[in-house]
Asker: 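Right, I'll just put the structure down here and ask away after.
In what follows, chains are A, B, ... by sequence order, proteins preceding strands, each numbered from 1.
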Amino acid sequence: MNYDTIIIGGGLAGLVAGITLQERGQRTAIITTGQGALHFSSGSLALLSRDADGNPIEKPLEHIDSLPASHPYSKVGAAKAGEHARAVKALFERAGLSMLGSEDSNHYYMTPVGLFKSTWLSTADSAVSPTPDGSGWGRTAIVGIKGFLDFYPGFIADNLAKNGLKCEVAALTTPELEHLRKNNTEMRAPGIAKIMHGEALERFAKAIVAAAPGAETVIIPAVVGLDGQKDIDALRRFTGKNVICLSTHPISVQGVRMQLALRRYYEKMGGTYLLGDNVTAGYMDGDRLKAIDTANLGHGSLTARNFILATGSFFSRGLVAEPDRIFEPVFGVDVVTEGDRSDWFKENIFEEQPFVRFGVATDNDFRVKKDGKTIGNLYAVGSILGGCNSLKEGSGAGVAAVTAMEVANRLADK
Amino acid sequence: MEYQVKNISANDFEQCIKCTICTVYCPVAAVNTAYPGPKQAGPDGERYRLKNPEFYNNALKYCLNCKRCEVSCPNNVRIGDIIQTARIRYDKSAPKLRDRMLASTDFMGKVATKMAPVVNLMLGFSPVKATMHGVLGIDRHRTFPRYTSTTFEKWMRTKAPSQAAFSKKVAYFHGCYVNYNYPQLGKDVVTVLNAVGYGVQLLEKERCCGVAKISNRLIDSAKEDAQLNIDSIRKAVKAGMEVVGASSTCIFTMRDEYPHLLGVDNADVRDDISLVSVFLYKLIDSGKVKLAFKPGFRCRVTYHTPCHMQKLGWGIYSSSLVRMIPGVEFEPIDSLCCGIAGTYGFKKENYPYSQAIGKELFDQIERARVDYVVTDCETCKWQIEMSTGATVINPVSLLAMAIDVEATKKLNGIK
Ligand SMILES: Cc1cc2nc3c(=O)[nH]c(=O)nc-3n(C[C@H](O)[C@H](O)[C@H](O)COP(=O)(O)OP(=O)(O)OC[C@H]3O[C@@H](n4cnc5c(N)ncnc54)[C@H](O)[C@@H]3O)c2cc1C
Ligand code: SF4
Ligand code: SF4
């Protein structure tokens, strides 16, 4: 089967690239092993949250010029990075995800333990605030679910109290939740969200009102709206309160929602999404990649003019570490690392970890290199690109989406 | 320092990072709280079972073996295989009479086709259904597929000389359903393959692929059938033929379950076992054969991706094949489990879960308002037809309806 562009990896980066190319008239396919990092997302996407000293950044675009040349944003350039970030928000909107926030100025979202962090875009149900203290929420209650182990109301309340926000704490249940509780170790946020429609949602809303009658804002675990925003809107309508959802222990409902909405929109735009398949090898024709193998479709089964490598970092197996080497497993392209094993990580887990900066070697157009030579039609996007510590600076989703947009724009014109 | 670099556990169970993505996509965990879900039943439970088989949990019987957990796992853990292997290894209870009956598709088929009119009448008769429900535990809502009085194999024997005359040939694994219940699908396969220049041969011997025996734990018998099938397949491949079937579950079972669950080695022939729709798509896509379509052919269809088709990753071939037909208006739906899982949904204790699992799919199908739901699996066909009233057909049957056979033969230079 032949395509204009084949994308390997169907996480945030692969989907943003695929959607953009489909919208611009290309025929594309995405092949992906399994679900990507969005399933673990906090519900907030970060563009550039902290400076080199770890202080929150207010205006992320203004900081791009001061980043090192190796940083993916430096390769895109500040002006274009801003344009792409704006385009990503609009793309999410078209996919049915209205996101809070803007690239011009970061906002704050509340983490699962009640701390505030600077971020770029948050799902519309997230606990966000322009300042790091939840001011503007009015009388606030934190309402947990009986038997649900991935949400910690008391802990959150203690942390919020340190910021001067006093909250009531309550817990609720409904017949539907009691039913799920029978399998309590597997009572997880997405499982709850699967039943939160119609009457179950209405009963949940009534229980929220009963648990926190006086509150204007109610913080609940994110257990509503797996397949879109509408159930959250309904919950707000039913309760008449500002219900905000705090992402839980993974798998996060907000992350799954983003992944599913983007995938559905990609397919609606005519894209082919092959879930559960592995790209295992590639064949070169001079300096160009000609065809790839997949575990399900077989030998040399897919051909394209251009290929995008969006297989993620170590977590998604885009990069693999063995005791004596770090490598990219599909094509064996060059990986930029530092020193030997003892230099890859710090014993203290809270220190900055060097391996987070590792990634595949590319030229300034994000074309991948193998044995020092550029492969003319294989581009890398997303977290498989190194050159920055996305964890420390808070740029994971931003790098994924912005580099995907950059490469997709370039390929759409080809 | 010595390292263990490579994964050495069976079914990649040590690759599990306990993320629970699999549980999010398990159709059973979503509707049945008695089922621990793929992570618990699979890699988590396995750690305990390896220490002490006493930890085996009987609730593993609720697993449909749909493999949707495996499809979503980012770490290639073969969760479904871990669960089925545990059922085979640790569940020592004897399979019930009902399970034996449901699993013995060949035996039942042979007996039933001999007395087809009587059996069909009986199986539709409500006192019989009530007995089956009450005594045997086969749900009364189910309608058994009708048995044919002339098996497909018998019909094929009359075609042997004409099929042998083709210079290019493929071996066709027809499966029990085509043989005993629905020979028309087999005839459609022959029509379409003949039209593009391929003669159709039966395997020297063919038994049920074994999926029903595996899920009902009749393992020794399944192994025997598997070995016999693979031996026959091997002979066909040696004779230069590819082996194709029209049912995604049979093909999946012979390619992957044989080595993974039954320990029957098929490595030398696995890549030669394929689906008719994949075989056809590849021939057409590479320009080796051409199809001529009936000018006025029009219909609105959707493609339902059976779970094992999703696991094979081949839905793209069938849906592309269908979309190639001029006059087809295609309405996509999500890839979702229909809930039947072969004999699973026939059992009284599973029936309500089976229907709850399929509900989202049924709703999407009803909203799609199509003339045909196209799919590669027969049990999905029963389930969808029973639950939605839609007409479900195999992609090959749609092709047989859509092509102009004589014009296609001419295009491919066949007399
Ligand atoms: C646990 C976790 C939580 C995070 N949370 C946040 C957050 O809250 N906010 C934020 O801004 N950033 C977060 N990040 C950063 C994250 O890296 C980015 O947000 C972004 O989602 C990465 O997208 P990606 O598309 O580059 O990679 P991924 O989402 O990792 O996708 C890569 C995909 O490629 C597939 N793949 C790998 N190898 C192959 C192959 N050979 N063949 C086919 N497919 C293959 C994988 O299965 C996977 O689906 C998080 C990262 C992790 C690991
Ligand atoms: S999805 Fe895979 S890695 Fe995650 S818990 Fe399930 S088996 Fe383990
Ligand atoms: S095979 Fe299907 S039913 Fe069994 S655990 Fe996996 S997803 Fe669930």
Asker: Which atoms of A:Glu186 come close to chain B, meaning under 4.5 Å heavy atom to heavy atom: side chain ones, backbone ones, both, or neither?
Answerer: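 Looking at A:Glu186, just its side chain touches chain B.
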Asker: Name the region of A:Asn2, side chain, backbone, both or neither, that has any atom closer than 4.5 Å to a heavy atom of chain B.
Answerer: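 For A:Asn2, neither part sits under 4.5 Å from chain B.
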Asker: Where along residues 312-320 of chain B does a heavy atom come under 4.5 Å of chain A, listed by residue number?
Answerer: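 When heavy atoms of chain A are the reference, residues 312-320 of chain B contributes B:Leu312, B:Gly313, B:Trp314, B:Ile316, B:Tyr317 within the under-4.5 Å range.
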Asker: Using a cut-off of under 4.5 Å on heavy-atom pairs, state which of B:Pro74, B:Cys73, B:Ser286 scores highest against chain A.
Answerer: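 Ranked by contacts with chain A, first place is B:Pro74.
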Asker: So what's closer than 4.5 Å to chain B heavy atoms on A:Arg181: side chain, backbone, both or neither?
Answerer: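 Looking at A:Arg181, nothing touches chain B.
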Asker: With rounding to the nearest 0.5 Å, note down the distance linking NZ in B:Lys282 to CG in A:Leu297.
Answerer: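 B:Lys282 NZ to A:Leu297 CG: 7.5 Å, rounded to 0.5 Å.
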Asker: Which of residues 20-32 of chain B have a heavy atom under 4.5 Å from any heavy atom of chain A?
Answerer: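 Listed by number, the contacting residues are B:Thr20, B:Ile21, B:Thr23, B:Val24, B:Tyr25, B:Cys26, B:Ala30.
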Asker: For A:Asp293, what residues pass the salt bridge (Lys or Arg N to Asp or Glu O under 4.0 Å) criterion, not counting sequence neighbours?
Answerer: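 Residues passing salt bridge (Lys or Arg N to Asp or Glu O under 4.0 Å) with A:Asp293: none at all.
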Asker: Taking atom OH as the centre, does B:Tyr48 end up with more than 12 heavy-atom neighbours from other residues, nucleotides or ligands that are less than 6.0 angstrom away?
Answerer: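 Not buried by this count: 12 neighbours or fewer within 6.0 Å.
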Asker: How far apart are the closest heavy atoms of B:Thr33 and A:Leu180, and which atoms are they?
Answerer: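 Looks like CG2-CA, 3.9 Å.
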Asker: So for B:Lys67, is it side chain, backbone, both, or neither that comes closer than 4.5 Å to the heavy atoms of chain A?
Answerer: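 Interface part for B:Lys67: neither.
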Asker: What donor-acceptor contacts under 3.5 angstrom involve side-chain atoms of residues 357-366 of chain B, with partners at least two apart or in another chain?
Answerer:
unit_1	atom_1	unit_2	atom_2	d
B:Lys359	NZ	B:Asp363	OD2	2.8
B:Glu360	OE2	B:Gln364	NE2	2.9
B:Gln364	OE1	B:Asp334	N	3.0
B:Gln364	NE2	B:Asp334	OD2	3.1

Asker: Quick one: what part of A:Met1 sits under 4.5 Å from any heavy atom of chain B, side chain, backbone, both or neither?
Answerer: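 It is both, since atoms from each part get that close.
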Asker: For chain B, which of A:Pro323, A:Pro190, A:Gly276 has the most heavy-atom pairs under 4.5 Å?
Answerer: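 Maximum pair count with chain B is reached by A:Pro323.
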Asker: Looking at A:Asn278, A:Asp277, A:Thr272, A:Thr32, which makes the most heavy-atom pairs under 4.5 Å with chain B?
Answerer: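 Of the options given, most contacts go to A:Asn278.
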Asker: Is chain B contacted by the side chain of A:His299, its backbone, both, or neither, given a heavy-atom distance below 4.5 Å?
Answerer: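 For A:His299, no heavy atom lies under 4.5 Å from chain B.
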Asker: Once you round to the nearest 0.5 Å, how far does SG of B:Cys19 lie from CZ of A:Phe315?
Answerer: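 Taking SG in B:Cys19 and CZ in A:Phe315, the distance rounds to 6.5 Å.
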Asker: For A:Lys268, look at atom NZ and say whether over 12 heavy atoms of other residues, nucleotides or ligands are found less than 6.0 Å away.
Answerer: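 No - once you tally the heavy atoms of other residues, nucleotides and ligands closer than 6.0 Å, there are 12 at most.
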Asker: What distance separates B:Ser72 OG from A:His39 NE2, expressed to the nearest 0.5 Å?
Answerer: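 Output value for this atom pair is 7.5 Å.
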Asker: Tell me, side chain or backbone of A:Leu260 under 4.5 Å from chain B's heavy atoms, or both, or neither?
Answerer: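 A:Leu260 touches chain B through side-chain heavy atoms alone.
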Asker: For atom NZ of B:Lys51, is the number of surrounding heavy atoms from other residues, nucleotides or ligands below 6.0 Å larger than 12?
Answerer: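 No, the 6.0 Å shell around NZ holds no more than 12 heavy atoms from other groups.
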Asker: Examine whether an atom of A:Thr185 lies under 4.5 Å from a heavy atom of chain B, and if so say whether it belongs to the side chain, the backbone or both; otherwise answer neither.
Answerer: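 When you check distances to chain B, only side chain atoms of A:Thr185 fall under 4.5 Å.
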Asker: Taking side chain as everything from C-beta outward and backbone as N, CA, C, O, which of these in A:Thr33 sits under 4.5 Å from a heavy atom of chain B? Side chain, backbone, both or neither.
Answerer: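 It is both, since atoms from each part get that close.
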Asker: Which residue out of B:Val71, B:Ile17, B:Val278, B:Asp271 racks up the most heavy-atom pairs below 4.5 Å with chain A?
Answerer: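 Among B:Val71, B:Ile17, B:Val278, B:Asp271, the one with the most close pairs to chain A is B:Val71.
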Asker: Need one label for A:Ile251: side chain, backbone, both or neither, based on atoms under 4.5 Å from any heavy atom in chain B.
Answerer: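 Both backbone and side chain.
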